[in-house]
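Chain A is the first sequence line, chain B the second, and so forth, proteins listed ahead of strands; every chain is numbered from 1.
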Protein chains: 2
Amino acid sequence: MTIATRKQREKEEMRSLILDAARKIFLEKGYHDTSMRNIAEEIQYSPGTIYLYFRDKDEIFHALHEEGFRRMLTKMQPLGHVSSPFERLKALGKVYLEFATENKDFYDLMFIMQAPIKHEADHEQWEMGHQTLDYLKQVLTECKKEGYFKGKNIEYLSFAVWSGVHGMAALYCRERCKAYHDIEPGELIEEGYKYLVNMLENL
Amino acid sequence: MTIATRKQREKEEMRSLILDAARKIFLEKGYHDTSMRNIAEEIQYSPGTIYLYFRDKDEIFHALHEEGFRRMLTKMQPLGHVSSPFERLKALGKVYLEFATENKDFYDLMFIMQAPIKHEADHEQWEMGHQTLDYLKQVLTECKKEGYFKGKNIEYLSFAVWSGVHGMAALYCRERCKAYHDIEPGELIEEGYKYLVNMLENL
DNA sequence: AAAAATAATGAACAGTGTTCAGTATTCAAA
DNA sequence: TTTGAATACTGAACACTGTTCATTATTTTT
């Protein structure tokens, strides 16, 4: 018994070791510029070893994908303490954009990168994503109860709101904010978000 | 003289030939799954030949990038005939989203893909991008003259508007609309855009 | 201590972008 | 029209990629 559990623990430790190295290099050089050999070298094992713990590069991608959502959800925990629904919505957007700018590469991984849909494990993988989206819908529903968004459909509305913040985050992550030569991306997002909130107030 | 110009014409024809093949395969299999050998095979030349007409894969990318903007700007031409500025703004967003959904891969190339910033030709490359953004700002300014967007900063506002439509387009291009299981992406974008327009009307 | 099970290796495969010595073709001058 | 220079093209080679798998090393069980 004790040895079987130790084995399992060792297996998990090895997965962590690989994941730590992968995260480090992924976030340093990006997904495509990180090779399995790079990761193997980082942990001082042969490339083949990684394949004893992960089916392929995509499975590593998905593991980090999930980690990103866990981090985001953690960052959203404090929102429960905001009593007013609309204030909570405002704070949610702020947290979302903060997460995106502070964890650029995680955000990219989660919402922009082409997620390879090889393994049908996708349903599982997006579990976390749905949790986040559901939370947005919930907050919007609560806002509605307070008189906001009269006659608006929650599904469409949530998509519009999500698109609003995702748009800014995506333009930021993929360096398209540079189109505004003499305005800092941070300022752009901050002021842009103010207008988005303004628009939602009057909808 | 005549032979020198013929040479140049042949050179341009060859570039077109390569570009046509590259576009075809890029849009079929995506940028990363298209190899220089694939393109060479398509035009029945050796891989090395391509490098006599394009510095590297990135230069081909940038050529198509530019083509995308030319296509988009063409699609925007008829907007000049819409007299009311706000109607023009609405139509602009519609055209933008139509372009994105109808030319998914071009849109991806233009606004989502990590544009490699190797060559300092970037200034040139984004010329077209700026033209598009400038047009949006112009329309917004005209709307302002008609009483819309009182006291709003055009730079920030344009960013918010661009983010709104880009967000939808980006979620669509990278398959994140699937988070809404039983709503078609097309419907999502159409209805989401209605809300965005609604919001802009009341801003 | 021997046998079985597990873990790790690293060479090999088929692919990638890119380079460049060598060959074929086209052109200009004699 | 023939010769020498310029141009165009080739395809093997380089250093890389993700992935597999026979072989070797280690650990566990008998």
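Remark: A/Glu102 pairs with A/Lys75 by the salt bridge (charged side-chain N to carboxylate O under 4.0 Å, His left out) rule, at least two apart or across chains. Applying the side-chain hydrogen bond (donor to acceptor under 3.5 Å, both in side chains) rule to A/Lys90 yields the partners A/Glu87; only residues at least two apart in sequence or on another chain are considered. Under the rule for a side chain to side chain contact (heavy atoms under 4.5 Å, CB included), the partners of A/Thr132 that lie at least two apart in sequence or sit in another chain are A/Phe69, A/Met72, A/Leu73, A/Met76. In this structure B/Lys94 satisfies the salt bridge (charged side-chain N to carboxylate O under 4.0 Å, His left out) test together with B/Glu98, sequence neighbours excluded. With sequence neighbours excluded, the residues forming a salt bridge (charged side-chain N to carboxylate O under 4.0 Å, His left out) with A/Glu142 are A/Arg88, listed by chain and number. Every residue meeting the side chain to side chain contact (heavy atoms under 4.5 Å, CB included) condition with B/Ile43, not counting sequence neighbours, appears here in chain and number order: B/Leu17, B/Ile18, B/Ala21, B/Tyr45. In this structure, the side chain to side chain contact (heavy atoms under 4.5 Å, CB included) partners of B/Asn153, at least two apart in sequence or on a different chain, are A/Tyr195, B/Glu155, B/Tyr156. Remark: A/Asp105 pairs with A/Leu27 by the side chain to side chain contact (heavy atoms under 4.5 Å, CB included) rule, at least two apart or across chains. By the salt bridge (charged side-chain N to carboxylate O under 4.0 Å, His left out) test, B/Arg70 is found to be paired with B/Glu66, residues two or more places apart in sequence or in another chain being considered.
For the strand DNA chain D, secondary-structure stems (runs of at least three Watson-Crick or G-U pairs, all distances below 3.5 Å) span C:1-26 with D:5-30.
In terms of position on DNA chain C, the residue among B/Glu10 and B/Lys57 whose nearest nucleotide sits closer to the 5' end is B/Lys57.
The separation between A/Phe26 atom CZ and D/dT17 atom C1' is 13 Å, rounded to whole Å. The nearest whole Å value for the distance from the CD atom in B/Glu41 to the C1' atom in D/dG11 is 14 Å. The nearest whole Å value for the distance from the CG atom in B/Asp33 to the P atom in C/dG17 is 10 Å. The separation between B/Glu59 atom CD and C/dT18 atom C1' is 14 Å, rounded to whole Å. Rounded to an integer number of Å, the gap from B/Ile39 CD1 to C/dT18 P is 10 Å. The OH-C1' distance, from A/Tyr51 to D/dG18, rounds to 4 Å in whole Å. Atoms CD1 (B/Ile43) and C1' (D/dA8) sit 13 Å apart, rounded to a whole Å. When the P atom of C/dT16 is taken as reference, atom CD1 of B/Ile50 falls 12 Å away, rounded to whole Å.
The distance between the ring centers of A/Tyr96 and A/Tyr107 falls below 6.0 angstrom.
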Check nucleotides 23-26 of chain D against the protein and report each pair of N or O atoms closer than 3.5 Å, with its distance, or say if there are none.
none

- prompt: Could you write nucleotides 7-14 of chain C as a row of B, S and -, 5' to 3', where a protein heavy atom under 4.0 Å of any base atom gives B, of only sugar-phosphate atoms gives S, and otherwise -?
  reply: SBBB-B--
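Annotation: cation-pi pair B/Lys57/B/Tyr31 present, NZ/CZ under 6.0 Å from the ring centroid and within 45° of its normal.
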